[in-house]
Amino acid sequence: MIEILNDVTAKDLLPSIHRLFELSGQKINLLQRSWDPGKGTPVFTVQGKYTSRGWTEWTQGFQFGSALLQYDATGDESFLEMGRKATVNYMATHVSHVGVHDHGFNNISTYGNLLRLMREGRIPHNEWERHFYELALKISGAVQAARWTDIGNDCGYIY
């Protein structure tokens with residue numbers, strides 16, 4: 001049975017939220033230090049350690065996007081730098097990949113978060129960077145739109 005506590009306020013949750021982001025930051029840093037990008041993308045854990053599976057790279061956007069969200073929540077600029085650098089160094093292949101449906105996971109989590117942070121004034125506005133992020137998202141969207149399969153009656157799906 002679920003017990004609803006109607007007297008809990010957002011302020012009451014702050015210690016737990018701070019602890020959550022403390023632990024999250026530790027996990028993001030640990031993965032950044034220990035993962036060899038040459039092995040592909042960390043997808044699953046085996047005996048508590050990440051391993052890759054060559055058939056999917058959908059988690060790479062979460063890997064680097066998590067650093068950007070950590071920055072967003074905490075203001076710790078080391079996570080912004082980590083996420084921004086990894087996006088530039090590793091995410092370009094995901095932008096125009098026609099064989100997967102994982103564009104949102106990869107591109108919205110990285111380029112999308114960077115663009116959002118810039119538009120919100122959380123990171124300095126840089127015209128060239130803004131265009132770079134927008135171009136990545138436009139290409140990703142065009143690739144997904146091209147993967148639309150019409151099944152009639154204005155219905156369809158992205159395979």
Side-chain angles (χ1 to χ4, degrees), residues 1-35 37 40-53 55-88 90-91 94-95 97 100-126 129-130 132-134 136-138 140-141 143-145 147-149 151 153-159:
M1 178 88 157
I2 295 175
E3 181 181 347
I4 298 174
L5 302 175
N6 293 314
D7 59 339
V8 174
T9 66
K11 187 176 181 180
D12 295 330
L13 300 175
L14 279 177
S16 295
I17 292 169
H18 288 300
R19 180 70 176 140
L20 170 119
F21 282 106
E22 179 185 322
L23 293 171
S24 173
Q26 291 172 11
K27 299 292 185 181
I28 292 167
N29 279 324
L30 178 62
L31 184 59
Q32 180 69 17
R33 283 191 312 270
S34 64
W35 186 256
T41 301
V43 179
F44 296 104
T45 57
V46 175
Q47 296 180 346
K49 299 218 182 254
Y50 274 110
T51 184
S52 62
R53 295 288 190 261
W55 50 267
T56 184
E57 299 292 315
W58 66 273
T59 58
Q60 199 159 39
F62 289 137
Q63 181 184 3
F64 306 135
S66 292
L68 297 171
L69 293 175
Q70 184 76 16
Y71 163 75
D72 193 16
T74 67
D76 184 334
E77 294 203 4
S78 68
F79 292 104
L80 171 62
E81 182 59 28
M82 180 190 304
R84 182 187 270 157
K85 185 177 178 183
T87 297
V88 171
Y90 299 106
M91 295 307 297
H94 298 286
V95 171
H97 195 306
V100 299
H101 69 275
D102 305 327
H103 282 247
F105 299 134
N106 282 314
N107 300 314
I108 302 300
S109 295
T110 53
Y111 299 102
N113 273 323
L114 287 164
L115 180 61
R116 177 186 57 79
L117 289 167
M118 187 176 288
R119 286 183 173 172
E120 292 174 354
R122 297 288 317 282
I123 62 175
H125 182 81
N126 177 300
E129 266 187 71
R130 181 179 64 82
F132 176 68
Y133 302 147
E134 288 175 346
L137 294 167
K138 288 175 184 177
S140 177
V143 167
Q144 288 301 80
R147 296 180 73 237
W148 179 259
T149 301
I151 59 174
N153 296 327
D154 293 325
C155 294
Y157 63 94
I158 295 175
Y159 63 91

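Scope of the values below: all heavy atoms of this structure, side chains included, with no hydrogens, waters or symmetry mates.
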How long is the span from the [atom1] atom in [X] to the [atom2] atom in [Y], to the nearest 0.5 Å?
X	Y	atom1	atom2	result
N113	M118	CG	CE	12.5 Å
R119	E134	CZ	CD	5.0 Å
D72	R122	CG	CZ	4.5 Å
L14	I17	CG	CD1	5.5 Å
Q26	L31	CD	CG	13.5 Å
L80	I123	CG	CD1	5.5 Å

Just wondering, do [Y] and [X] contact through their side chains at under 4.5 Å, heavy atoms?
X	Y	answer
N29	M82	yes
L114	L68	yes
E129	R84	yes
S52	T41	no
I108	L137	yes
N126	F132	no

Compare every heavy atom of [Y] with every heavy atom of [X], then report the nearest pair and how far apart it is.
X	Y	answer
I4	N6	CG2-OD1, 3.3 Å
Q63	P42	OE1-CD, 3.3 Å
S140	H103	OG-ND1, 2.7 Å

Candidate list T110, V43, N106, test side-chain contact (heavy atoms from CB on, under 4.5 Å), partner Q60, passing option: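 When side-chain contact (heavy atoms from CB on, under 4.5 Å) is applied between Q60 and each of T110, V43, N106, only N106 qualifies.
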Surrounding CG of L5 (heavy atoms of other residues, nucleotides or ligands, distance under 6.0 Å), is the total greater than 12?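 Counting other residues, nucleotides and ligands, CG of L5 exceeds 12 neighbours.
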Taking the six-membered ring for Trp, are F44 and Y50 ring centroids under 6.0 Å apart?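 Ring centroids of F44 and Y50 are no less than 6.0 Å from each other.
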Checking side-chain contact (heavy atoms from CB on, under 4.5 Å) for the pair S24/I28: CA distance, chi angles, key distance, verdict? CA-CA 6 Å; S24 173; I28 292 167; 3.7 Å; yes
Identify which one of Y90, Y71, F79 satisfies the ring-ring contact (aromatic ring centres under 6.0 Å, His included) criterion when paired with F64.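 That would be Y90.
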Test side-chain hydrogen bond (donor to acceptor under 3.5 Å, both in side chains) applied to D76 and T74, step by step: CA-CA 5 Å; D76 184 334; T74 67; 5.1 Å; no
